[in-house]
2 protein chains.
Amino acid sequence: MEGHLKPGDRVPERQLCETFGISRTPLREALKVLASEGLIDLLPNRGARVRKFTEKDVRDSFELLASLEAAAGRLACARISEAEVAEIERLHYDMYGHYMRRELPEYLKLNQAIHAAIVAASNNQALQAAHRSLTARMRQFRYSASTIKRDRWGQAMREHEQMIDALRRRDGRELGDILFEHLLNKLQAAYEAMRAQEAAEVPEVT
Amino acid sequence: MEGHLKPGDRVPERQLCETFGISRTPLREALKVLASEGLIDLLPNRGARVRKFTEKDVRDSFELLASLEAAAGRLACARISEAEVAEIERLHYDMYGHYMRRELPEYLKLNQAIHAAIVAASNNQALQAAHRSLTARMRQFRYSASTIKRDRWGQAMREHEQMIDALRRRDGRELGDILFEHLLNKLQAAYEAMRAQEAAEVPEVT
DNA sequence: GTGAAGAATTTTGCATTCATTTTCTGTCGG
DNA sequence: CCGACAGAAAATGAATGCAAAATTCTTCAC
């Protein structure tokens, strides 16, 4: 809800109870779920902490995301309807417009919608659930990537063009490969964002 | 713990509390986690039920498993050490022995170990966690597949041979493809097992 | 005998309470 | 002045209590 919680911070139950206006019992249930989904760490007798992601965690997450979307793209090409392709094309053209006008928030929103649409077109609930769970976990360092560099933006746009092309041709293998590369290409940006975040966060210890 | 719970059954909290010797509070926390991991359904005010898997759920799960292991295989080939390959080869030869002697339980155990080892060799914690979570969910209809048919068994063994070959050559794309096909080939067996389970389960309605 | 309406029982969801562990604080000794 | 120790305060983990919802059972009308 209030996104400004730094990784590693203690999260006292009492305070959260007041914030949300509920008692400790349902709150603890929710915390257990968040812990099982990897969003927080839950140390025995020592409370909940916002999970601290290492660089390897970030890389692993992006690799998994890339793998999931690649699989989704491959499956989608075998099953997607003409109407669904048309809808994704529409999203793509809208996004292109925002790209040309340099409207980053709107661009990012459509970007996300396109990826979600491809995953949905895989028509695989298990895959979709795994994707949702992962993107929820990744939101921390994904949103940081809003500070996209202009050259990277152009590259991403070109990759999206290729994706639409492969999707039109129902070339599942190619779409999967492009999606995989496309998402791994975001790693560098995410690394930089995370390093910036770390620098702004703990200016204490040497 | 006691595996003989039929899908769709009501599971009263009170009863589970007695079974496990704990109070309702920690039990409910555990149930919430199980629900978030997709192992049970948790209906509001109506308690927990063992999740009922449809045929599509089974298909989706196998597709996701195939996608995850394919990705793992591809990543593994790029990173795996000579020692890890040797270890997997050892598991493979042991499994082959059990195959020749028609020792199904030992075969299945090593089969699982090989797949786990490939996932581990991907050196990707996020992927490994997703794989663990999915296999936990799939245990219901995976174990049913112990009634493997002899011809399918031979085919599976040949596929494993190809996997080891691709792994030796560090051909990630081929290993990924083989793993994907290999796991999808289990679908038919799982379907049959599930149908048998359903038939033995509800002989009531028409 | 069948079906429905309503009361009694059970069960869930949440709040509160209690015991144990951890953390903070203040004091004392070096 | 710094660190260790002891007690106080707070936080966590779990049990219990209570209100609301659901399920079951009883009763009655047809």
Side-chain angles (χ1 to χ4, degrees), chain A residues 1-54 57 125 129 132-133 136-137 139-140 198 200-206, chain B residues 1-54 57 125 129 132-133 136-137 140 198 201-206:
Chain A
M1 312 306 167
E2 340 190 349
H4 40 73
L5 289 179
K6 294 163 217 77
D9 274 7
R10 283 201 66 177
V11 186
E13 292 180 2
R14 199 70 170 173
Q15 182 182 316
L16 290 175
C17 289
E18 291 171 11
T19 308
F20 293 105
I22 56 174
S23 150
R24 278 183 59 218
T25 307
L27 181 89
R28 296 183 93 263
E29 290 173 356
L31 288 180
K32 285 264 183 187
V33 171
L34 291 182
S36 87
E37 293 183 350
L39 284 154
I40 60 174
D41 289 328
L42 215 49
L43 298 95
N45 287 314
R46 310 181 89 213
R49 285 161 190 277
V50 178
R51 174 151 178 212
K52 179 87 174 244
F53 288 95
T54 65
D57 287 329
Q125 289 300 118
R132 254 199 309 276
S133 166
R137 245 186 310 166
R139 223 172 34 186
Q140 282 183 49
E198 269 177 3
E201 177 189 316
V202 241
E204 28 189 302
V205 216
T206 315
Chain B
M1 312 309 166
E2 340 190 350
H4 40 73
L5 290 179
K6 295 164 217 75
D9 275 8
R10 280 201 70 185
V11 185
E13 292 180 1
R14 199 69 168 172
Q15 183 182 314
L16 289 176
C17 289
E18 291 170 13
T19 308
F20 293 105
I22 56 173
S23 150
R24 279 184 57 219
T25 306
L27 181 91
R28 296 184 93 261
E29 289 172 356
L31 288 180
K32 285 264 181 181
V33 171
L34 291 182
S36 87
E37 293 183 351
L39 285 155
I40 60 174
D41 288 329
L42 214 49
L43 298 96
N45 287 315
R46 308 182 86 214
R49 284 160 191 277
V50 179
R51 175 153 178 210
K52 179 86 172 241
F53 288 95
T54 65
D57 287 328
Q125 288 300 117
R132 254 199 309 274
S133 166
R137 245 186 310 168
Q140 280 183 50
E198 269 176 3
E201 178 189 317
V202 240
E204 29 189 302
V205 218
T206 318

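Chain A is the first sequence line, chain B the second, and so forth, proteins listed ahead of strands; every chain is numbered from 1.
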Could you state the [atom1]-[atom2] distance from [X] to [N], rounded to the nearest angstrom?
{"X": "L43(A)", "N": "dT12(D)", "atom1": "CG", "atom2": "P", "value": "11 Å"}
{"X": "L31(B)", "N": "dA14(D)", "atom1": "CG", "atom2": "P", "value": "14 Å"}
{"X": "R14(B)", "N": "dT12(C)", "atom1": "CZ", "atom2": "P", "value": "10 Å"}
{"X": "E29(B)", "N": "dG13(D)", "atom1": "CD", "atom2": "C1'", "value": "8 Å"}
{"X": "F20(A)", "N": "dA15(C)", "atom1": "CZ", "atom2": "P", "value": "14 Å"}
{"X": "N45(B)", "N": "dA22(D)", "atom1": "CG", "atom2": "P", "value": "5 Å"}
{"X": "K32(B)", "N": "dA14(D)", "atom1": "NZ", "atom2": "C1'", "value": "18 Å"}
{"X": "Q15(A)", "N": "dT12(D)", "atom1": "CD", "atom2": "P", "value": "10 Å"}

Can you list, by residue number, the residues of residues 21-28 of chain B that have a non-hydrogen atom closer than 4.0 angstrom to DNA chain C?
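Those residues whose heavy atoms fall under 4.0 Å from DNA chain C, taken from residues 21-28 of chain B in numerical order, are R24(B), R28(B).
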Is there a side-chain contact between R49(B) and I40(B) in this structure, where contact means two heavy atoms from C-beta onward sitting under 4.5 Å apart?
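No, every pair of side-chain atoms sits at 4.5 Å or beyond.
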Test: E37(A) and R137(A) ion pair at under 4.0 Å
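Not counted as a salt bridge, because no side-chain N and carboxylate O are separated by less than 4.0 Å.
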Can you check whether Q15(A)'s main-chain N or O pairs, donor with acceptor, with T19(A)'s side chain at less than 3.5 Å?
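Answer holds: yes.
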Going through the distances and angles, do V33(B) and E29(B) end up as a side-chain contact (heavy atoms from CB on, under 4.5 Å)?
CA-CA 6 Å; V33(B) 171; E29(B) 289 172 356; 5.8 Å; no
Return the 5'-most residue of the pair R49(A), L42(B) with respect to DNA chain C, ranking by each residue's nearest nucleotide.
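The 5'-side residue here is L42(B).
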Going through the checks in order, is the salt bridge (charged side-chain N to carboxylate O under 4.0 Å, His left out) test met by K52(B) and D57(B)?
CA-CA 9 Å; K52(B) 179 86 172 241; D57(B) 287 328; over 6 Å; no
Going through the distances and angles, do R51(A) and L39(A) end up as a side-chain contact (heavy atoms from CB on, under 4.5 Å)?
CA-CA 6 Å; R51(A) 174 151 178 212; L39(A) 284 154; over 6 Å; no
Taking only the side-chain heavy atoms of R10(B) (C-beta and beyond), determine which of dG13(C), dT21(C), dT11(C) contains the nearest atom.
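That would be dT11(C).
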